[in-house]
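Structure record follows, encoded as C-alpha cells.
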Amino acid sequence: MPFSWDAIQVVFADANAFSGIWQRHQHFASGLAGLGVGVLYVEEPGNWLTVGRSPEKPASNWTAWRQEPREVGPYLWVWTPPPGVPVGYWSRRINALNHRRYAAAMEQVLGPIPHNRLIFLACNPLAADWLPLIDVARAVYDCCDEFEHFPVPSRRPEVTLDLERRLFQQCDITIFSSAATLRLKAGERQRPVRSGPRMRSPQGSPRRLVQLRNACDPAEFNLSDRDAVPMPADLAPIAKRGPVLLYFGSLAQWFDEALVAGLCKARPDWQVVLLGPPMRPFASLRSLPNCHLLGRKAHGDLPAYAAHASIGILPQLVIRLTSVADHVKVYEYLASGLPVMASPLEELRAFGDLVRTGSSVQEWVTGIEEQLTEDPAARSRRQHYAASQTWLARVQGLRQVLLRPDKPAVDAARLAQAEEEERLLEQLRTQTLMSAQGDHLEDSDSSYATPGAGESPREP
C-alpha cells in the first residue's frame with residue numbers, strides 16, 4: 001500500500017532502528033498499528049561516523065531516506081532520515097542542523113507534513129529539535145532511559161539534559177517507564193492548586209505525567225511443553241555440559257563483565273550463555289570455557305533459548321543508568337518461568353521476591369544454587385505475574401494517552417453540549433407555551449361563540 005499522510009495518526013521520532021533489538025518503541029509502534037492506529041516510525045539514522053558500523057546503523061542508511069517509507073505491517077510504516085553530522089549529543093547547534101535536514105528530507109520524499117493533525121511521540125531527547133519544525137496536534141515524550149548517563153564519549157550530559165528540559169516544556173504529556181525515573185526527573189508529585197498557575201518541577205516538566213512500565217508477550221515466552229520446543233543448534237552442545245544461565249540483550253559498557261567472569265570461575269559446571277551484539281571485546285569472558293557469546297539473535301528466537309535454560313540473569317553494573325531502568329528482559333524471563341538472578345538495581349524492587357539480587361560472586365552462587373532447587377510451583381507464580389504484564393495492556397494505555405482529547409477541547413465540547421441542551425430546552429418550552437396558547441384560544445372560541453338564530457345561549 002503506497003504511503004499517504006492521510007493514513008498516519010502518530011509519528012514516532014528518533015526511535016531505535018526498527019529491525020534492531022526489539023525494545024519498547026518497536027512494541028508500542030506495532031501494538032498501536034495492531035489496534036488500527038496509523039503509525040510512521042522514524043528511525044534515528046546515525047551519523048557520518050557511525051553508519052555502516054553496526055547492524056542498527058547499516059550502510060544502506062546512506063540512501064534509504066530517498067525511498068518512500070517501507071510498510072512493515074498494516075497501518076505501520078518505517079522511514080529512515082539521511083545520516084546526520086556527528087556529535088549531535090555534543091552540540092545543540094549540530095543537533096538542530098541535523099533535524100532541519102531530516103525535516104527537509106521528509107517533506108521532499110513524503111510530501112507536505114499535515115498541520116495541527118499529527119500526534120508526535122518523541123523517543124529520545126534529540127527529538128526536541130523536531131518540534132519547532134512541525135506543527136503537531138499533540139506532543140508526547142516517552143522518557144524510558146536516562147540518556148545523559150550513557151557512558152559514551154561523544155555525549156555531553158549537560159547538552160542531553162538541556163534537550164530533555166526543552167522536551168519537557170514542549171510536550172503536552174511526559175510518559176515514564178519507571179517510577180524511579182519519574183521521581184528523579186520530575187520530583188515528588190504534588191496535588192495541583194486549581195486557583196494557581198500550573199506547577200512545574202525543577203526540570204520544567206509539566207504535571208501531566210503518566211507512568212507506563214515495560215511488559216512482555218506472555219504467550220510468546222510461556223511455552224506449555226518446553227520439551228517439545230526444538231533446542232537451538234548452537235545451544236544443544238552447551239546444555240549437555242551443565243545448567244544454562246541465560247542472558248539476552250545488549251552487551252554494552254554497563255554489562256558487569258567482572259561479575260560474570262567470577263561466576264564462571266566459581267562454578268565451572270555452570271554454562272553462561274550470552275545472546276546479543278557485543279559492544280566491547282569481552283576478552284576475559286571469551287577465554288573461559290563455560291562462557292559462550294553466541295551473538296545477536298532474532299527476537300522471535302529467544303523463547304526457544306529460554307525454554308532450555310535453567311535461570312535468567314541480569315548482571316549489570318550498579319550505576320544510575322541501569323539502576324532506574326525498567327528492564328524488558330526481566331518480564332520475558334518471568335514469562336518463560338525462569339528464576340531470575342540480578343544485580344541489586346533499584347527498579348527491580350517493583351518485582352518483589354520474584355527477582356533475587358546479589359552484589360558479590362558468592363551471593364550470586366548462593367542465590368542461583370537455591371533457585372535451581374526451588375519448588376516447581378514458583379515457576380507458575382512467575383508466569384502468572386507475567387501474564388498480567390502484557391504489551392497489549394500497555395499499548396491500550398498508550399492509545400488512551402495519545403488519543404484522549406485535551407482539557408480545552410473537553411471544556412469546549414462540554415460547553416457546546418450545555419448550550420445545545422439549553423437551546424433544545426428553550427425550544428421545548430416555546431413549543432409547550434405555543435401549544436397551551438392554541439388550546440386556550442380554541443376553548444375560548446367554542447365557549448363564547450355568539451348564538452345563532454333560534455338558539456339559546458349555552459350553559460356554562
Side-chain angles (χ1 to χ4, degrees), residues 22-24 27 31 177-179 211-232 235-236 238-240 242-249 263 267 269-275 297 299-316 325-358 363-397:
W22 205 252
Q23 298 181 52
R24 177 181 177 91
H27 283 291
S177 61
S178 82
Q211 184 183 357
L212 283 176
R213 297 184 65 84
N214 287 322
C216 59
D217 288 322
E220 185 179 4
F221 282 86
N222 187 356
L223 305 174
S224 56
D225 186 2
R226 298 183 357 154
D227 294 333
V229 179
M231 184 176 293
L235 183 63
I238 298 171
K240 294 177 181 178
V244 172
L245 282 55
L246 177 67
Y247 172 89
F248 50 74
L263 185 64
R267 291 300 301 266
D269 55 320
W270 290 350
Q271 307 302 310
V272 175
V273 173
L274 308 177
L275 308 180
K297 305 296 178 183
H299 188 264
D301 295 336
L302 298 181
Y305 286 89
H308 297 284
S310 300
I311 192 166
I313 61 173
L314 184 64
Q316 306 279 21
D326 188 33
H327 297 271
V328 175
K329 61 180 65 63
V330 174
Y331 295 91
E332 295 174 338
Y333 290 158
L334 295 174
S336 65
L338 289 176
V340 181
M341 190 72 203
S343 301
L345 309 177
E346 179 181 352
E347 194 62 20
L348 293 180
R349 297 172 187 169
F351 296 98
D353 61 354
L354 294 173
V355 174
R356 182 153 180 171
T357 61
E363 288 179 355
W364 271 63
V365 169
T366 302
I368 292 173
E369 286 177 340
E370 292 179 0
Q371 289 183 301
L372 289 176
T373 58
E374 67 179 5
D375 184 346
R379 181 181 188 86
S380 298
R381 193 163 68 91
R382 288 189 287 266
Q383 291 176 322
H384 179 74
Y385 171 83
S388 66
Q389 309 294 312
T390 67
W391 282 118
L392 177 58
R394 300 290 192 268
V395 169
Q396 288 172 336

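Side chains are part of it too, since the values below use all heavy atoms of this structure and drop only hydrogens, waters and symmetry mates.
Rounding to the nearest 0.5 Å gives a distance of 7.0 Å between CG of Leu354 and OH of Tyr385. Arg24 contributes atom CZ, which lies 7.5 Å from atom CG of Asp326 (distance to the nearest 0.5 angstrom). Between Arg213 atom CZ and Glu347 atom CD the span is 4.5 Å, to the nearest 0.5 Å. In this structure, the separation between CG on Leu334 and NE2 on His384 is 13.0 Å, given to the nearest 0.5 Å. Summarising the geometry, atom CG belonging to Leu235 is positioned 8.0 Å from atom CG belonging to Leu275; distances are rounded to the nearest 0.5 Å.
Ring-plane geometry between His27 and Trp391 is classed as parallel, the angle between the planes falling under 30 degrees on a 0 to 90 degree scale with a further cut at 60.
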**OP:** Starting from the C-alpha separation in whole Å, work towards a yes-or-no answer on salt bridge (Lys or Arg N to Asp or Glu O under 4.0 Å) for Arg381 and Asp353.
**Re:** CA-CA 11 Å; Arg381 193 163 68 91; Asp353 61 354; 3.3 Å; yes

Original post:
For Val340 and Leu348, what are the C-alpha separation, side-chain angles and deciding distance, and is it a side chain to side chain contact (heavy atoms under 4.5 Å, CB included)?
Top reply: CA-CA 11 Å; Val340 181; Leu348 293 180; over 6 Å; no

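Between Tyr333 and the options Tyr247, Phe248, Phe221, a ring-ring contact (aromatic ring centres under 6.0 Å, His included) holds for only Phe248. For the side chain to side chain contact (heavy atoms under 4.5 Å, CB included) test with Ile368, the passing option among Arg356, Met341, Arg267 is Met341; the others fail.
Here the closest non-hydrogen pair linking Ala307 and Leu223 is CB-CD1, 3.7 Å. Here the shortest heavy-atom pairing between Gly397 and Leu212 reads C-CD1, 4.3 Å.
Remark: Glu374 engages Arg382 in a salt bridge, criterion side-chain N to carboxylate O under 4.0 Å.
Between the side chain of Arg394 and the backbone N or O of Asn214, at least one donor-acceptor pair lies under 3.5 Å. With hydrogens and angles disregarded, no donor-acceptor distance shorter than 3.5 Å links the side chain of Arg349 to the backbone of Pro344. Remark: side-chain polar atoms of Thr366 are not paired, donor with acceptor, to backbone N or O of Glu363 under 3.5 angstrom.
Proximity of Leu345 to His327: side-chain heavy atoms (C-beta onward) are separated by under 4.5 Å at one or more points.
By the ring-ring contact (aromatic ring centres under 6.0 Å, His included) test, His308 is found to be paired with no residue, residues two or more places apart in sequence or in another chain being considered.
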